[in-house]
Amino acid sequence: MEVTAARSAGFCFGVARAVRIAEELARAAEKPRMLGSVIHNRRVMEELAGLGMTEITAPEEAGEGERVLLRAHGVGREVYDRLRARGAEIVDATCPRVAHVQRLVAQAEEEGRRPVMIGEADHPEVRGVAGWCRSLQVFSGPEEAARWAETAGEAAKAPLTIVSQTTLRREVWESSLKILKKQCTNLKIFDTICDATHTRQSEAALLAAKVDAMVVVGDPKSANTKHLTEICRLHCSSVFQIENADELPWERLSDCRVVGLTAGASTPASIIKEVIKTMSEEKIQGEGMENFAELVEQYTNTLNTGDKVTGVVTAITPTEVHVDLGCKQAGYIPVDQLTDDPTVKPEDVVKVGDQVELFVIRVNDVEGYATLSKKKVDAVKVWENIEEACSSKEIMEGIITEENKGGVVASVKGVRVFIPASQSGLPRDAAMTELVKQRVKLRITEVNRARRRVVGSIKVVQQEARAAAAAEVWSGIEVGKRYTGTVKSMTSYGVFVDIGGVDGMVHITDLSWSRIKHPNEIVAIGDTLEVYVISFDPEKRKISLGVKDRSTNPWQVFMDTYKVGDVASVRVVKLMTFGAFAEVVPGVDGLIHISQIADHRIEKPGDVLSEGQTVEAKITAVDEEKQKISLSIRALLAPMPAPAGEDEE
């Protein structure tokens, strides 16, 4: 007989984590409790009982201050509340992937969607998930989904969120989805079958198709083991599910030429070892048995300082991150070994369920844990990225952390990058402190890994960006085209406006219809202006811009608003020897002759009026052809008697 073993077998990471937590609790707590079976395996339960673990069936059996373990399959939200009400301390061994499903159904209900799960309604995992929403629709497979779809009516149009039991057979999931997709119009689908489960099931199916008989090792209560057996029976006529080596059906295997072997996710390493040992003692030739044994040994392997390992994040606290390494040691990442940025929270760096690469920086075999570092792995990768960015001239982002002698320092992926003042992109006389705490784009110009020195330039990136923007402006510029620009500088005769990499000139006469002496009367440096192109010269790279809206003629505005005989509030804008010019509407001035300023003789207009003063004046004449207006203040004043002996003018 030849025996071929599947590569994936034994505890998955969620089960291994739950068992490890249970063992740690049993050794540490004075009176450890367990709410239901932590996993579906009789031998594991017996071993935990031997360590003093007591199983309870309801939260009310827990006493105040007692530590209570929650099973890998998870429980409903109200169980947590009942335990807290009893004053019990909760030790949560829920598989992170199951916890993810719980969050999905809770979120679905918050969004007004109906949660639907494909799985076994009586399975502890499904019952636990149901406890995180008010109503969970459960279909065991395509048959139940089809029956519901036929009678659902309007319910099929409701928004549904579909999840799966983590240990579900993939063909059951896919066939159920096929039916629901046909009948339902508003679906959100989350494939929550555990990757380890899928891999194990796929390997078992391929192996079962090649052998004369299959042996599946696992507890009869385990859904994972049961599904493995069902899958094997689809591809092989002789499948035997056993709990331990004592149940090996030798008399029925004796006629088989090739036998396949696999094990469920809740099967401990000790039982698998027994089966391997028994088969070896029977002198059976085993193809793949050595690899199978190596996989089993992974859980009992030890770690060494300096090892590079891969683990799965199982819990996050303010001070550390817990990691499952798939071995007997528990893994912990102190917060100071998570990232170089002290302002970042642990949950912003990693999430429960994330797979991360780590360095082992210390192993404590006595207490059974390993201290890990993520930032050391990241640092190696970052330096490689920095060197690659330097050679490829990639633009990178960083935050300016401090002002330094001769420049500033930026943090780029945790690496200090010095930026000389000449490369900061600021004017020569500007203070470097303006950049501190700013996020900037820069290019790495020099890397010396041995000296841990990196130099960068903001200016180069800005110049390239401005050149690209300028090229785009010149390629599409035309008279009349409008731009949104920023006032960059100012002179007595106008302002320069940046319209995207190119500066254009707005003459003072094109800033406003109103008469102004200096541009600072209406704009300031840094202001945003809506401008249009008056003219441009590509060879001299000059652009003339305007702000005044030429579609609105001020003279027409005046003609539409006033007529001869009307009284208007006007603003004195210029005093002359012969009278005063006053603005009637923006862009249109009228003349108040010196004889029309007062009802008596005056030497000069400044005796009565001042520039900027607003007065009431009557419109006495309008020359439409020459666009001239005559105004009179005197016409609104009561006439005064002339002095005796003075001729009337």
Side-chain angles (χ1 to χ4, degrees), residues 10-23 25-26 32-49 53-59 61-62 68-83 88 90-106 115 117-133 136 138 140 163-169 172-173 190 192-198 200-201 218-228 263-268 312 314-315 324 352-353:
F11 283 172
C12 65
F13 93 91
V15 170
R17 169 180 175 271
V19 172
R20 187 186 70 241
I21 293 173
E23 290 174 346
L25 175 62
R33 300 282 198 173
M34 175 173 54
L35 184 58
S37 299
V38 65
I39 66 169
H40 283 156
N41 190 276
R42 181 174 55 83
R43 180 175 293 188
V44 172
M45 295 303 100
E46 291 173 354
E47 290 174 354
L48 290 174
M53 182 78 76
T54 304
E55 184 176 345
I56 60 176
T57 58
E61 296 177 38
V68 180
L69 180 75
L70 300 184
R71 63 195 178 199
H73 298 106
V75 296
R77 183 184 288 149
E78 57 92 19
V79 174
Y80 289 82
D81 297 336
R82 289 162 62 189
L83 284 170
I90 298 172
V91 180
D92 200 343
T94 303
C95 171
R97 286 189 168 85
V98 174
H100 175 60
V101 182
Q102 294 172 348
R103 290 192 295 272
L104 286 176
V105 300
M117 191 171 196
I118 312 298
E120 302 171 35
D122 294 330
H123 191 276
E125 177 190 324
V126 179
R127 293 202 303 269
V129 170
W132 289 86
C133 56
L136 179 68
V138 181
S140 61
V163 297
S164 68
Q165 185 177 327
T166 59
T167 55
L168 189 69
R169 285 165 45 198
V172 174
W173 166 251
F190 296 93
T192 51
I193 296 176
C194 175
D195 294 338
T197 297
H198 176 55
R200 192 186 311 267
Q201 292 176 354
D219 193 289
K221 293 181 181 178
S222 167
N224 187 282
T225 302
K226 183 181 73 173
H227 291 155
L228 274 179
S266 299
T267 308
V312 177
T314 57
D324 182 2
V352 172

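Only heavy atoms go into these numbers, but all of them, side chains included; no hydrogens, no water, no symmetry mates.
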Contacts of [X] that satisfy ring-ring contact (aromatic ring centres under 6.0 Å, His included) - sequence neighbours left out:
X	answer
Trp132	Tyr80
His227	none
Phe190	none

State which residues pass side-chain hydrogen bond (donor to acceptor under 3.5 Å, both in side chains) with Glu55; sequence neighbours excluded, sorted by chain then number.
none

For Ser140, give me all partners under side-chain hydrogen bond (donor to acceptor under 3.5 Å, both in side chains), at least two apart in sequence or on another chain.
Glu144

For the [atom1] atom of [X] and the [atom2] atom of [Y], what is their distance to the nearest 0.5 Å?
X	Y	atom1	atom2	result
Met53	Glu23	CE	CD	9.0 Å
Ser266	Ile39	OG	CD1	5.0 Å
Ser222	His123	OG	NE2	7.0 Å

So, for Val105 and Cys133, which heavy atoms are closest and what is the spacing to 0.1 Å?
O-CB, 4.2 Å

Arg33/Leu25 under side-chain contact (heavy atoms from CB on, under 4.5 Å): CA gap, chis, key distance, verdict:
CA-CA 9 Å; Arg33 300 282 198 173; Leu25 175 62; over 6 Å; no

Considering residues at least two apart in sequence or located in another chain, which fulfil the side-chain contact (heavy atoms from CB on, under 4.5 Å) criterion with Arg82?
Ala58, Pro59, Glu60, Glu78

For Arg103, give me all partners under side-chain contact (heavy atoms from CB on, under 4.5 Å), at least two apart in sequence or on another chain.
Ala99, His100

Check: Gly264 main-chain N/O paired with Asn224 side-chain donor or acceptor under 3.5 Å:
no

Tell me, please, which residues at least two apart from [X] pass salt bridge (Lys or Arg N to Asp or Glu O under 4.0 Å).
X	answer
Arg43	Glu274
Arg169	Glu171, Glu230
Glu47	none

Passes side-chain contact (heavy atoms from CB on, under 4.5 Å), Leu228 versus Gln201? Steps please.
CA-CA 6 Å; Leu228 274 179; Gln201 292 176 354; 4.1 Å; yes

Chi angles and distances behind the side-chain hydrogen bond (donor to acceptor under 3.5 Å, both in side chains) call for Thr94, Asp92
CA-CA 6 Å; Thr94 303; Asp92 200 343; 2.6 Å; yes

Testing Leu70, Thr57, Leu69 one by one against Leu35 for a side chain to side chain contact (heavy atoms under 4.5 Å, CB included), which residue passes?
Leu70

Which donor-acceptor pairs under 3.5 Å do side chains of residues 124-131 form with protein atoms, sequence neighbours excluded?
from   : atom 1 : to     : atom 2 : distance (Å)
Glu125 : OE1    : Thr166 : OG1    : 2.7
Glu125 : OE2    : Thr166 : N      : 2.9
Glu125 : OE2    : Thr166 : OG1    : 3.3
Arg127 : NH1    : Asp122 : O      : 2.2

What do the steps show when you test Arg77 against Gln102 for side-chain contact (heavy atoms from CB on, under 4.5 Å), and what is the final call?
CA-CA 9 Å; Arg77 183 184 288 149; Gln102 294 172 348; over 6 Å; no

Applying side-chain contact (heavy atoms from CB on, under 4.5 Å), run through Lys226 and His40 and close with a yes or a no.
CA-CA 11 Å; Lys226 183 181 73 173; His40 283 156; over 6 Å; no

